[in-house]
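Since the structure comes first, as structure tokens, the remarks are kept for the end.
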Amino acid sequence: HFMIQYGSDSWTNRPDSVRTGNGFSRHFNMYFMLDKPFKSNAKFSVAFGVGIGTSHIFFNNTKVDIKANTARLPFSRVDSTDHFKKYKVTNVYAEIPVELRYYSNPENPNKSWKAALGIKVGTLLNTHTKGKNLLGKNGYSIYGPTYIQKESERRFFNGTMLAITGRVGYGFISLDAGYQINGVLKDGAGPVMNKFSFG
């Protein structure tokens with residue numbers, strides 16, 4: 001099976017300094033999955049696979065200085081200084097999902113109610129920030145609306161991602177949800193926040 005997931009992401013338990021929301025925070029995941037039905041009951045199966053997961057968290061007039069030479073990741077307010085109109089942090093993971101699946105009609109999955117519970121284990125491949133359209137403190141564009149700045153550094157972020165997942169749907173369309181059990185940031189690198197996904 002080829003599975004695509006798209007939807008919204010958020011970091012739970014955020015302190016006031018982590019001001020997300022200036023844009024649609026989202027995820028986009030792609031997996032190749034192998035489905036193994038139970039011999040005793042074909043309505044149930046175990047599926048496992050491999051793929052890529054991405055998480056894009058947008059911020060509101062906040063700089064996330066992933067290149068900082070500090071022990072903790074700085075989240076700095078930039079309302080009264082130069083700042084980007086759009087600014088996000090992106091994490092890219094190589095992931096292994098495992099699911100316990102249920103089909104109401106296993107002989108015709110495209111006309112079947114489906115449900116799944118599972119876990120995902122991921123390893124962090126890349127973390128980067130992306131700012132678009134640098135504005136002065138008075139709101140004017142400094143370099144024009146197409147100006148983009150990217151910075152890459154993953155040392156503040158957890159190298160391993162562990163999440164519980166769930167899906168329910170009909171045919172080839174489902175609602176999915178996921179919750180990262182371990183923190184988004186490494187211990188001591190910042191506030192303890194977990195990622196919640198729905199799509």
Side-chain angles (χ1 to χ4, degrees), residues 1-14 18 20-38 42-60 64 66 86-106 108-130 132 150 152 154 157-185 192-199:
H1 295 167
F2 182 55
M3 184 166 68
I4 297 175
Q5 296 177 333
Y6 179 75
S8 66
D9 272 9
S10 63
W11 290 349
T12 64
N13 305 316
R14 299 187 310 274
V18 182
T20 62
N22 191 15
F24 173 52
S25 295
R26 58 188 178 264
H27 64 265
F28 183 76
N29 310 326
M30 296 186 298
Y31 308 104
F32 288 99
M33 305 283 290
L34 188 62
D35 198 37
K36 292 288 190 180
F38 289 3
K43 289 186 175 183
F44 292 92
S45 66
V46 172
F48 52 91
V50 65
I52 296 291
T54 64
S55 177
H56 309 264
I57 304 295
F58 282 81
F59 289 84
N60 182 23
V64 186
I66 62 173
K86 288 188 176 182
Y87 188 82
K88 69 177 181 178
V89 172
T90 296
N91 288 316
V92 182
Y93 301 90
E95 297 181 348
I96 297 175
V98 180
E99 294 182 333
L100 175 64
R101 292 178 171 180
Y102 168 81
Y103 298 89
S104 64
N105 182 5
N108 191 351
N110 288 332
K111 294 184 178 180
S112 173
W113 289 99
K114 301 176 181 180
L117 290 173
I119 60 171
K120 287 194 299 187
V121 179
T123 184
L124 185 61
L125 300 178
N126 175 266
T127 296
H128 65 267
T129 59
K130 180 180 178 181
K132 185 175 182 180
K150 289 184 179 181
S152 295
R154 59 184 184 177
F157 290 81
N158 238 326
T160 301
M161 185 274 299
L162 180 63
I164 54 175
T165 62
R167 292 188 298 112
V168 62
Y170 182 83
F172 62 89
I173 296 177
S174 297
L175 294 175
D176 74 86
Y179 180 76
Q180 184 173 337
I181 300 169
N182 59 335
V184 173
L185 301 178
V192 178
M193 301 177 291
N194 304 80
K195 183 180 68 176
F196 176 73
S197 302
F198 182 78

Between Leu185 and Met193, does the side chain to side chain contact (heavy atoms under 4.5 Å, CB included) criterion hold? Intermediate values first, please. CA-CA 7 Å; Leu185 301 178; Met193 301 177 291; 3.9 Å; yes

Establish, from distance only, whether the side-chain atoms of His56 and Lys88 form a donor-acceptor pair under 3.5 Å. yes

Look at atom CZ of Phe38 and say whether more than 12 heavy atoms of other residues, nucleotides or ligands are closer to it than 6.0 Å. yes

Counting C-beta onward and ignoring hydrogens, is there a side-chain heavy-atom pair between Asn29 and Tyr93 closer than 4.5 Å? no

Run the side chain to side chain contact (heavy atoms under 4.5 Å, CB included) test on Phe28 and Ile4 for me, step by step, so that the C-alpha distance in whole Å, both residues' side-chain angles and the decisive distance to 0.1 Å come before the verdict. CA-CA 7 Å; Phe28 183 76; Ile4 297 175; 3.8 Å; yes

Nearest 0.5 Å, what's the CG-CZ distance between Leu34 and Phe48? 4.5 Å

Can you find a side-chain donor-acceptor pair between Asp9 and His27 that sits under 3.5 Å? yes

Heavy-atom check, side chain of Tyr31 versus side chain of Glu99, under 4.5 Å: no

Would you indicate whether the side-chain heavy atoms of Arg167 and Arg101 approach each other to under 4.5 Å? yes

When Asn91 is tested against each of Asn158, Asn126, Thr127 for side chain to side chain donor-acceptor pair (under 3.5 Å), which residue passes? Thr127

Measuring only between side-chain heavy atoms, which start at C-beta, is Lys111 closer than 4.5 Å to Tyr170? yes

Donor-acceptor contact present, side-chain Asn194 to main-chain Ile181, <3.5 Å: yes

Look only at the side chain of Tyr87 and the backbone of Val64, and say whether a donor-acceptor pair between them is shorter than 3.5 Å. yes

With a 6.0 Å cut-off (strictly less than), is the heavy-atom count around CD1 of Ile119, excluding the residue itself, greater than 12? yes

Would you check if the side chain of Asn182 reaches a backbone N or O of Thr160 as a donor-acceptor pair within less than 3.5 Å? yes

Less than 4.5 Å apart, any side-chain heavy atom of Phe59 and any of Thr129? no

Any donor and acceptor pair, going by atom type alone, linking the side chain of Ser112 with main-chain N or O of Asn105 inside 3.5 Å? yes

Look only at the side chain of Lys114 and the backbone of Gly171, and say whether a donor-acceptor pair between them is shorter than 3.5 Å. yes

What about Phe2 and Phe32, are their ring centers closer than 6.0 Å? yes

Can you find a heavy atom in the side chain of Asp176 that is under 4.5 Å from one in the side chain of Thr165? no

Value rounded to 0.5 Å, distance of CD1 in Ile164 from NZ in Lys120: 11.5 Å

Donor-acceptor pair, side chain of Arg14 and main chain of Thr20, under 3.5 angstrom: no

